[in-house]
There are 2 protein chains.
Amino acid sequence: MSNPQVIQRSASLQPMKTSCANCSMHQLCLPMGLDNADMDRLDQIIGRRRRVARGESLYRMDDPFSSLYAIRLGHFKTYQLNPAGEQQITGFQMAGELMGMDAISSDKHHCNVAALEDSEVCEIPFHRLEELFGVIPTLLRHFHRIMSQEITREQNAMLLLGNMRAEQRFAAFLVNLSSRYAARGYSSTSFQLRMSREDIGNYLGLTIESISRLVSRFRKLGWLGVDKREIELLDPERLKALAAGAETCPMT
Amino acid sequence: MSNPQVIQRSASLQPMKTSCANCSMHQLCLPMGLDNADMDRLDQIIGRRRRVARGESLYRMDDPFSSLYAIRLGHFKTYQLNPAGEQQITGFQMAGELMGMDAISSDKHHCNVAALEDSEVCEIPFHRLEELFGVIPTLLRHFHRIMSQEITREQNAMLLLGNMRAEQRFAAFLVNLSSRYAARGYSSTSFQLRMSREDIGNYLGLTIESISRLVSRFRKLGWLGVDKREIELLDPERLKALAAGAETCPMT
DNA sequence: CGGACTCTTGATTCGGTTCAAATATAGTGG
DNA sequence: CCACTATATTTGAACCGAATCAAGAGTCCG
């Protein structure tokens, strides 16, 4: 019998099977640190790889919870709706990040998730993942780290919303994106914003006009190059200092 | 050989052993839903029951992580320090709640924890807890729910800080305390604030003066009875409506 | 093109902060 | 117990940062 793996490797023209092993995010995502055998086990429980078109919802508040979602490709925003129907964006997610963990406690989703661009996610049925936890301790340990990271991320957002002035918030936002792109092997100084000014403002607890003014200000100071949604951090150190509160920002 | 459990039960004058089984919080805390045998297993890994005097730190940012802490008795605040040394309180914790989960991801604590009154915690060595996860699936499932709940809690705090006006925030804060006391079998309308006005303001992203004015306003409206830190919700429904944004609050 | 968004910029307003001062409360030691 | 001090809280007045209101310009896309 021929070895299917060898066949696949030689037949370079046929599309690779979508699997954790050949996903560029497997070093950041749930399968981090797993050996090939365990990664295969994880692959086997993954439901479908699902496409989500820009603007579409992956799930909504109060939807019954059954799966977590790992982002293969693209960007998402998660947001809550208050009783008046206004949204508060609680985060922007990119490839390799896991969504839906807030739903575990009550078996229904607590936020909405919408794609910021055409994207792809891996559906991970949670009950099957729980079965794997008993078999692959490494997976469980990494899952705990991911959940813990999510808690830390949100605590930082609270610090931002509760404590920082507008220019600090925006600088912190840019620096945060920068480091996340760096972790994915992309440029830390040059990237595209996938979200609108309105979304940025909403996330940062500011209005769209404030964001627009901040963009202009940072541009005039020579700290930022901006062309529509294309961003270049021209003075990352100063932006970091500003985010840290160690630097102030002239008004004009 | 005599059965020590029977002896303990009959000798009512000697103090009960501190254990999960005889802790009033075991229905809310980590051992929720465990049978007696499993609760004993959990008991055996719990390090010490540690007292923390009012104002004392349980742990600080950057301390190495080794244990989670469950509150047996008392109240705590968790807070972050920004690089300038200002604090942002990220939560107030009460009996039955678990602290330290944000430290799992990086093996060091990301926030400071201080006791708001003389308190007691159970130290839960995390590595030993991980061992138990393999033996008691119920415990693992509940642990995931607790972490998930923490994520949800913080998302709600983001909604509060990013979206709500001062009077909404304060109403939401009171309603939140109210429901947590109710869940513990205490009065939902009458309780003592364990934290200072300053702490409340810090948590809500407001100043101490704003809190003081809100207290006065709610008192004059007859929605709230206040005597120092003793609080009575005189019109809980209206406070809930205000927190939900369905009700406005006259200025004078 | 036209029409719908999205973004920018200016003028004005306002909610909440800051500054300031008075009062109340809790702790501490004589 | 009381005086003394440090700390916490309340209240008023002035100020300021960001929101709101308003108008225009740029951009996307059929």
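As the structure is a computational prediction, the values presented were derived from the model and not from experiment. So that the names make sense, note that chain A is the first sequence line, chain B the second, and so on, each numbered from 1.
In this structure, the nucleotide among D:dT27, D:dT11, D:dA18 sitting nearest to the side chain of A:Lys228 is D:dT27. With distances taken from any side-chain atom of B:Ala166 to the nucleotides C:dT8, C:dG16, D:dA18, the minimum falls on C:dG16.
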Exercise for the section: Whenever both distances are under 3.5 Å in a Watson-Crick or G-U wobble pair, mark it; put DNA chain C into dot-bracket that way, with [ ] for crossing pairs and | when the partner is on another strand. Expected result: ||||||||||||||||||||||||||||||
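Between the CD atom of A:Glu198 and the P atom of D:dT20 there is a distance of 12 Å, rounded to whole Å. Between A:Ile231 atom CD1 and C:dC7 atom P the separation is 11 Å, expressed in whole Å. Put simply, CG on B:Asn202 is 17 Å from P on C:dG16, counting in whole angstrom units. Rounding to whole angstrom units, CD of residue B:Gln192 and C1' of C:dA26 are separated by 14 Å. Per the geometry, CG belonging to B:Leu204 stands 13 Å off C1' belonging to C:dG16, to the nearest Å. In this structure, B:Glu230 places its CD atom 12 Å from P of C:dA26, rounding to the nearest Å. In this structure, A:Ile208 places its CD1 atom 13 Å from P of C:dT9, rounding to the nearest Å. If you take CZ of B:Arg165 and C1' of C:dT17, they are 15 Å apart, rounded to a whole angstrom.
Checked for salt-bridge contact, B:Arg153 and B:Glu97 miss the test: no charged N lies under 4.0 Å from a carboxylate O.
Between the base of C:dC19 and the side chain of B:Glu209 there is a donor-acceptor pair shorter than 3.5 Å. A donor N or O paired with an acceptor N or O is found under 3.5 Å between the base of C:dG10 and the side-chain atoms of A:Arg213. Applying the 3.5 Å distance criterion, the base of D:dT11 shares no donor-acceptor pair with the side chain of B:Arg197.
Dense packing is recorded around CZ of A:Arg50, with more than 12 heavy atoms of other residues, nucleotides or ligands lying under 6.0 Å away.
Atom CZ of A:Arg213 is separated from atom CD1 of A:Ile211 by 11.0 Å, given to the nearest 0.5 angstrom. In this structure, CD in A:Gln93 is found 7.0 Å from CZ in A:Arg180, a value given to the nearest 0.5 Å.
Residue contacts shown for A:Leu206 are limited to sugar-phosphate atoms, with no base heavy atom under 4.0 Å away. Within the 4.0 angstrom heavy-atom criterion, base atoms lie near A:Ser212. Among the atoms of the strands shown, only primed sugar atoms or phosphate atoms (P, OP1, OP2) are found under 4.0 Å from some heavy atom of A:Arg229. Among the protein residues, B:Gly205 comes within range of the sugar-phosphate backbone only, with heavy atoms under 4.0 Å from sugar or phosphate atoms but none that close to a base.
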Practice task
Could you walk me through whether A:Ser216 and A:Arg219 pass side chain to side chain contact (heavy atoms under 4.5 Å, CB included), step by step?
Solution key: CA-CA 5 Å; A:Ser216 303; A:Arg219 192 161 34 79; 3.8 Å; yes
Practice task
Please report the C-alpha distance between A:Phe170 and A:Val215 in whole Å, then the side-chain angles of each, then the deciding distance to 0.1 Å, and finally whether the side chain to side chain contact (heavy atoms under 4.5 Å, CB included) criterion is met.
Solution key: CA-CA 9 Å; A:Phe170 187 53; A:Val215 167; 3.7 Å; yes
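In terms of phosphate contacts, A:Thr207 brings no side-chain nitrogen or oxygen within less than 4.0 Å of OP1 or OP2 of D:dA18. Between A:Ser216 and C:dT9 there is a side-chain polar atom (N or O) within less than 4.0 angstrom of OP1 or OP2.
The aromatic ring centroids of B:Phe191 and B:Tyr186 lie 6.0 Å or more from each other. The six-membered or imidazole ring of B:Phe65 lies away from that of B:Tyr59, with a centre-to-centre distance of 6.0 Å or more. For A:Phe92 and A:Tyr203, the distance between ring centers is under 6.0 angstrom.
Mapping A:Arg217 and A:Asp227 onto DNA chain D via the closest heavy atom, the residue that lands nearer the 5' end is A:Arg217.
Listed by residue number, the members of residues 111-119 of chain B with any heavy atom below 4.0 angstrom from DNA chain D form an empty set.
Residue B:Arg51 is tested with B:Glu120, B:Glu117, B:Glu123 for a salt bridge (Lys or Arg N to Asp or Glu O under 4.0 Å); the sole match is B:Glu120.
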